Enquirer: 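Quick one: structure below, then a few questions.
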Number of protein chains: 2
Amino acid sequence: MTELEQYIKSYFGVVAIDDLKTIVSLFKLTPIKKGEFLLKSGKRCDKLSFVQSGLLRMFISTDEKEITQWISTKGYFSTDLSSFVFETPSRWTIQALVDTELYTITKDDYKKIGDLVPKWSELEKLFLIRCFIILEDRIFSHLSMTAEERYNFFFKNNRELFNQVPLQFIASLLGMTPETFSRIRKKQLS
Amino acid sequence: MTELEQYIKSYFGVVAIDDLKTIVSLFKLTPIKKGEFLLKSGKRCDKLSFVQSGLLRMFISTDEKEITQWISTKGYFSTDLSSFVFETPSRWTIQALVDTELYTITKDDYKKIGDLVPKWSELEKLFLIRCFIILEDRIFSHLSMTAEERYNFFFKNNRELFNQVPLQFIASLLGMTPETFSRIRKKQLS
DNA sequence: ATGATTTCTTGATATTTGTCAAGAGCAAAA
DNA sequence: TTTTGCTCTTGACAAATATCAAGAAATCAT
């Protein structure tokens with residue numbers, strides 16, 4: 001059983017085998033190499049990907065700086081939601097940080113799921129709410145915490161990422177420079 | 001036609017009159033006075049409200065500080081989504097900043113809409129995506145902007161709030177102290 | 001209208017974080 | 001293996017923001 005199947009099962013509880021097979025059959029296993037781009041900003045994002053294994057980084061890059069907005073790990077979806085849904089140019093760039101395996105669905109196939117699986121909208125809604133809550137927490141962390149507090153919280157809950165993701169990207173994700181990040185780390189290790 | 005009807009119409013485009021009436025009939029007009037609490041943290045949030053007129057502030061208050069997480073203006077919904085959906089204790093407190101009129105629906109009635117209006121899940125999804133994008137933007141603003149830049153952007157896009165909302169709440173919403181907020185304002189006016 | 005309370009502004013100072021620069025360490029390419 | 005390029009750390013200094021305090025202004029309660 002794949003991560004995708006487990007993910008869907010975890011939301012539906014006991015899920016009809018047929019429905020599960022139907023949903024999963026519309027996702028295609030897609031390997032991408034470290035450094036490869038899943039999406040470039042300005043392009044239409046016409047697919048939704050689920051990380052079976054590996055890491056994806058979602059970021060914006062301008063002349064002066066690069067901002068890491070999100071890092072998708074195993075078990076997370078990755079897309080530019082606004083572009084995917086409203087068919088606008090994508091704002092984000094998505095790149096693999098390591099060799100990565102995705103389950104990817106096109107927008108056309110995505111639209112079919114609702115017709116094939118009656119409970120699909122329920123899964124969709126729960127998925128969006130889950131994302132919403134994560135984002136809400138992140139905003140709250142910026143409103144209420146110092147950089148060091150955010151580091152501590154993130155380290156406590158994502159320890160394994162520190163060996164897998166370049167530290168500068170974690171720093172950016174938490175809203176600080178790599179220098180500040182290093183200083184905080186040094187403080188914590190002493 | 002109420003704000004709620006206009007809101008729903010703006011998502012469905014041309015909407016079946018019957019469907020619109022059905023949805024709207026499940027929302028009850030609810031006035032609340034300035035200072036009144038719509039929701040207290042720790043309680044179950046069992047309703048979803050739409051702001052017909054007025055202002056609601058969503059915040060967390062602890063011994064040391066109070067963090068304003070969101071301010072719902074006319075045309076926005078207000079709820080603790082996690083509590084509403086998963087029936088957990090609410091994290092946020094929601095209070096009226098001025099006399100406010102809401103269209104409020106209970107969770108039980110909310111569940112009925114999907115059975116009565118076939119396209120409801122589509123509206124629901126678009127609503128969630130709209131919120132998602134707003135949240136994404138807010139996170140990005142914290143990762144990539146200074147407090148002053150956030151102030152400028154917010155002022156440009158929400159000018160009318162500056163006469164309606166206590167400035168300390170806007171400061172908190174943007175992630176800065178009232179002192180910093182005042183200093184930035186002074187700078188902008190000269 | 002008056003008094004009490006709260007909000008907002010401002011100054012002084014402290015703290016946090018960013019910028020710039022350079023060196024050490026690590027990873028990738030040849 | 002060596003060379004090149006990139007990442008991370010560290011120091012010095014600058015800038016942004018928070019904290020503390022007090023006064024002015026605005027709002028609320030009577």
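Letters A, B, ... are given to chains in the order of the sequence lines, protein chains preceding strands, and every chain is numbered from 1. For the numbers below, each heavy atom of this structure counts, side chains included, while hydrogens, waters and symmetry mates do not. Model, not experiment: these values are computed from the prediction.
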Enquirer: Under 4.0 Å from any heavy atom of chain A: name the first and the last nucleotide of DNA chain C that qualifies, 5' to 3'.
Expert: C/dT17 to C/dA28
Enquirer: Check the pair A/Trp70, A/Phe77 against ring-ring contact (aromatic ring centres under 6.0 Å, His included), reporting the backbone distance first and the verdict last.
Expert: CA-CA 11 Å; A/Trp70 182 249; A/Phe77 283 95; over 10 Å; no
Enquirer: Identify the 5'-most and 3'-most nucleotides of DNA chain D with at least one atom closer than 4.0 Å to a non-hydrogen atom of chain A.
Expert: D/dT7 to D/dA12
Enquirer: Under 4.0 Å, counting only non-hydrogen atoms across every strand here, what does A/Lys34 touch: a base, just sugar-phosphate, or nothing?
Expert: sugar-phosphate
Enquirer: Please report, to 0.1 Å, the donor-acceptor pairs under 3.5 Å made by any side chain of residues 33-57 of chain A, with sequence neighbours excluded.
Expert:
from    : atom 1 : to       : atom 2 : distance (Å)
A/Glu36 : OE1    : A/Lys33  : N      : 2.9
A/Ser49 : OG     : A/Thr104 : OG1    : 3.0
A/Gln52 : OE1    : A/Glu3   : N      : 3.1
A/Arg57 : NH1    : A/Glu66  : OE2    : 3.0
A/Arg57 : NH1    : A/Thr68  : OG1    : 2.7
A/Arg57 : NH2    : A/Glu66  : OE2    : 2.9

Enquirer: Relative to B/Phe154, does B/Arg159 satisfy both conditions: NZ or CZ under 6.0 angstrom from the six-membered ring centre, and within 45 degrees of the ring's axis?
Expert: no
Enquirer: Should B/Asp109 and B/Lys112 count as an ion pair when the cut-off is N to O under 4.0 Å?
Expert: yes
Enquirer: How close do A/Tyr103 and A/Phe27 get, heavy atom to heavy atom, and via which atoms?
Expert: O-CD2, 3.5 Å
Enquirer: Can you name the side-chain contact (heavy atoms from CB on, under 4.5 Å) partners of A/Ser141, sequence neighbours left out?
Expert: A/Met145, A/Arg150
Enquirer: Atom NZ in B/Lys125, atom CZ in B/Phe132: separation rounded to 0.5 Å?
Expert: 13.5 Å
Enquirer: Please report the shortest heavy-atom distance between A/Leu26 and A/Ile105, naming the atom on each side.
Expert: O-CG1, 3.5 Å
Enquirer: Scan residues 149-182 of chain B against DNA chain C and write down, sorted by residue number, each residue with any heavy atom closer than 4.0 Å; if none is found, say none.
Expert: B/Pro166, B/Leu167, B/Gln168, B/Glu179, B/Ser182
Enquirer: Run the side-chain hydrogen bond (donor to acceptor under 3.5 Å, both in side chains) test against A/Glu87 and tell me which residues pass, sequence neighbours left out.
Expert: A/Lys107
Enquirer: Report yes if some heavy atom in the side chain of A/Phe140 is under 4.5 Å from a heavy atom in the side chain of A/Glu136; otherwise report no.
Expert: no
